[in-house]
Amino acid sequence: MIARMLTGERTIDPTLDLFAEIDRLRRERKALILAHYYQDPDIQDIADHLGDSLELAKRARDAKDAEVILFCGVHFMAETAKIVNPSKIVIIPDLDAGCSLAEQCPADQLRAWKQRHPDHWVVMYINCSAAVKAESDIICTSSNAEKVIRSVPAGKPILFGPDKNLGAFLIKKTGRQMDLWPGACMVHETFSSQKIAALKARHPDAKFIAHPECEDHVLQLADFIGSTSKLLEFVQKDSGGKYIVGTETGILHTMKKHAPTKELIAVPFEDRTAACQGCNSCPHMKLNTLEKIYLALRDLRPRIEMPEAMRLRALVPLERMLAIS
Ligand code: 13P
Ligand code: SF4
């Protein structure tokens with residue numbers, strides 16, 4: 001039998017019907033498969049639940065019958081699942097599926113920032129490690145960020161991180177002054193306002209919709225700004241017929257399914273340089289594959305684990321967020 005090496009000693013028979021095997025294993029393991037909209041289409045299609053960061057955190061918290069949660073997303077999302085539902089075995093297809101935002105904000109540096117601003121509230125975007133969550137007063141996602149900022153007592157100064165673009169968007173929206181951590185999403189920060197303006201000129205009947213992780217010069221061109229699930233909802237409900245979609249390309253799969261009559265154009269469009277073969281694709285999210293999902297279900301690893309003391313501290317700001325979401 002020919003076997004292909006995947007990760008270290010983990011091998012897989014290339015003749016396996018992965019869809020059938022994943023189905024068998026998910027039943028055997030009593031596993032719930034959660035997937036983010038930025039996953040590859042095949043992964044989105046096998047998920048029990050598909051959603052944005054907030055929806056998936058809620059699905060993980062509410063997973064009662066499952067014994068295993070397989071999180072097809074990135075590390076901070078799987079960590080969040082473990083924090084809110086610690087009795088489950090939480091597995092992720094690839095432990096290296098990180099996030100540029102989480103990487104740019106190490107917990108020791110956040111602690112030093114807090115020490116320089118002891119009277120501030122710390123509001124952290126969910127795209128951060130459990131250690132950073134443990135240092136935070138409240139967490140937000142892109143779909144509830146405005147509500148979370150408005151929940152901070154008036155007059156209380158705010159430290160916001162790690163996404164400076166989401167932070168700047170929230171300052172504009174709420175009028176609240178905040179000190180911003182200098183992090184950014186490596187996917188959304190590559191979008192070019194010049195190319196988008198050219199695209200809009202070529203498609204005057206298209207609306208440009210964008211994720212708030214985009215930089216301000218890009219957001220200024222947007223007809224609608226929202227989280228992945230809000231962008232999806234907008235395309236479904238809006239009366240228009242054509243959209244330039246300013247977020248990671250994975251979401252186009254579900255948008256096409258839910259709004260089959262709408263024309264969708266990814267950003268950037270037809271204009272990739274040799275240095276960038278797919279600027280709108282998250283290299284972390286795309287580390288997950290059906291093969292790795294099969295192996296994770298078969299071996300119940302890699303698992304998400306963390307010290308209980310850290311989990312309990314990280315749970316407090318997450319529960320504050322969930323209580324108002
Ligand atoms: P949402 O799922 O909240 O839209 O965030 C997008 C994202 O970049 C997740 O990493
Ligand atoms: Fe992180 Fe950006 Fe990838 Fe989302 S798209 S996981 S924010 S690097």
Side-chain angles (χ1 to χ4, degrees), residues 22 25-26 29-39 43-44 46-99 101-103 107 124-136 138-144 148 162 227-229 250 282 284-285 287-289 292-325:
I22 288 168
L25 284 168
R26 84 204 303 175
R29 303 293 196 203
K30 293 195 173 60
L32 183 75
I33 303 182
L34 302 180
H36 191 268
Y37 293 121
Y38 294 167
Q39 292 294 283
I43 300 180
Q44 293 191 37
I46 61 158
D48 292 301
H49 300 293
L50 194 57
D52 69 5
S53 303
L54 179 64
E55 290 162 344
L56 294 174
K58 287 182 177 169
R59 292 287 187 187
R61 176 199 60 188
D62 299 340
K64 299 273 183 293
D65 299 332
E67 289 173 10
V68 173
I69 296 173
L70 169 64
F71 212 116
C72 301
V74 290
H75 191 267
F76 77 81
M77 295 178 173
E79 250 186 0
T80 301
K82 186 69 183 176
I83 295 166
V84 297
N85 204 340
S87 68
K88 309 296 175 191
I89 294 172
V90 177
I91 52 177
I92 182 168
D94 191 320
L95 215 44
D96 289 334
C99 169
L101 281 166
E103 280 156 21
M124 292 302 283
Y125 191 30
I126 198 165
N127 298 37
C128 62
S129 67
V132 163
K133 288 184 177 76
E135 297 290 336
S136 309
I138 190 163
I139 303 299
C140 71
T141 75
S142 56
S143 59
N144 63 16
V148 168
S227 68
T228 46
S229 51
C282 173
H284 297 290
M285 290 277 182
L287 279 178
N288 297 331
T289 61
K292 291 177 192 172
I293 287 170
Y294 162 75
L295 286 171
L297 285 171
R298 188 191 73 181
D299 302 342
L300 290 183
R301 69 185 171 102
R303 288 188 196 194
I304 302 292
E305 311 277 7
M306 73 194 72
E308 182 61 3
M310 180 197 284
R311 187 191 73 78
L312 288 171
R313 286 183 64 208
L315 182 61
V316 175
L318 272 169
E319 281 188 331
R320 282 194 187 123
M321 170 191 84
L322 290 167
I324 60 168
S325 301

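Applying the salt bridge (charged side-chain N to carboxylate O under 4.0 Å, His left out) rule to D299 yields the partners R10; only residues at least two apart in sequence or on another chain are considered. D62 pairs by the side chain to side chain donor-acceptor pair (under 3.5 Å) definition with nothing, not counting sequence neighbours. For D48, the salt bridge (charged side-chain N to carboxylate O under 4.0 Å, His left out) partners at least two apart in sequence or on another chain are R26. Legend: residues meeting salt bridge (charged side-chain N to carboxylate O under 4.0 Å, His left out) with E103, ordered by chain and number and at least two apart, are absent. Partners of N288 by side chain to side chain donor-acceptor pair (under 3.5 Å), not counting sequence neighbours, listed by chain and number: Q39. Among residues two or more places apart in sequence or in another chain, the side chain to side chain donor-acceptor pair (under 3.5 Å) test is passed with Y37 by none. In this view, Q44 and T254 satisfy the side chain to side chain donor-acceptor pair (under 3.5 Å) rule, not counting sequence neighbours. F71 is linked by a ring-ring contact (aromatic ring centres under 6.0 Å, His included) to nothing, counting only residues two or more places apart in sequence or in another chain.
With rounding to the nearest 0.5 Å, the separation of CZ in R303 from CD1 in I89 is 4.0 Å. Going from atom CE of M124 over to atom CD of E135 covers 10.0 Å, rounded to the nearest 0.5 Å. Distance check: L295 CG to I22 CD1 gives 9.5 Å after rounding to the nearest 0.5 Å. Here the straight-line distance linking atom CG of L70 with atom CG of L297 works out to 5.0 Å at 0.5 Å rounding. Note that CD1 of I69 and CE of M77 are 14.0 Å apart. Values are rounded to the nearest 0.5 Å. The line from CD1 of I43 to CE of M285 is 10.5 Å long, rounded to the nearest 0.5 Å.
Within the structure, side chain to side chain donor-acceptor pair (under 3.5 Å) pairs that include any residue of residues 125-134 comprise Y125-E213 (at least two apart or interchain). Pairs passing the salt bridge (charged side-chain N to carboxylate O under 4.0 Å, His left out) check and including a residue from residues 73-93, sequence neighbours excluded, do not occur.
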Side-chain donor/acceptor pairs under 3.5 Å, residues 314-325, sequence neighbours excluded:
from, atom 1, to, atom 2, distance (Å)
R320, NH1, D137, O, 2.5
S325, OG, N144, ND2, 2.9
S325, OG, M321, O, 2.7

Would you mind writing out the side-chain donor-acceptor pairs for residues 53-61 within the sub-3.5 Å range, not counting sequence neighbours?
from, atom 1, to, atom 2, distance (Å)
E55, OE1, D52, N, 2.9
R59, NE, H49, ND1, 3.4

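The side-chain heavy atoms of K30 and V68, taken from C-beta on, include no pair separated by under 4.5 Å. Side-chain contact between I83 and M306 is present, with heavy atoms from C-beta onward closer than 4.5 Å.
Contact record, P86 with V84: CD-C, 3.7 Å, taken as the closest heavy-atom pair. When all heavy atoms of C72 and I293 are compared, the closest pair comes out as SG-CD1, 3.7 Å. Taking both residues in full, the closest heavy atoms of A97 and H284 are given as CB-O, 3.5 Å, listed atom of the first, atom of the second, then distance. Heavy-atom minimum distance, C128 versus A102: CA-CB, 3.9 Å.
Distance alone, capped at 3.5 Å, places no donor-acceptor pair between the R301 side chain and the I91 backbone.
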Residue pair Y38, V74: steps toward the side-chain contact (heavy atoms from CB on, under 4.5 Å) verdict = CA-CA 10 Å; Y38 294 167; V74 290; over 6 Å; no
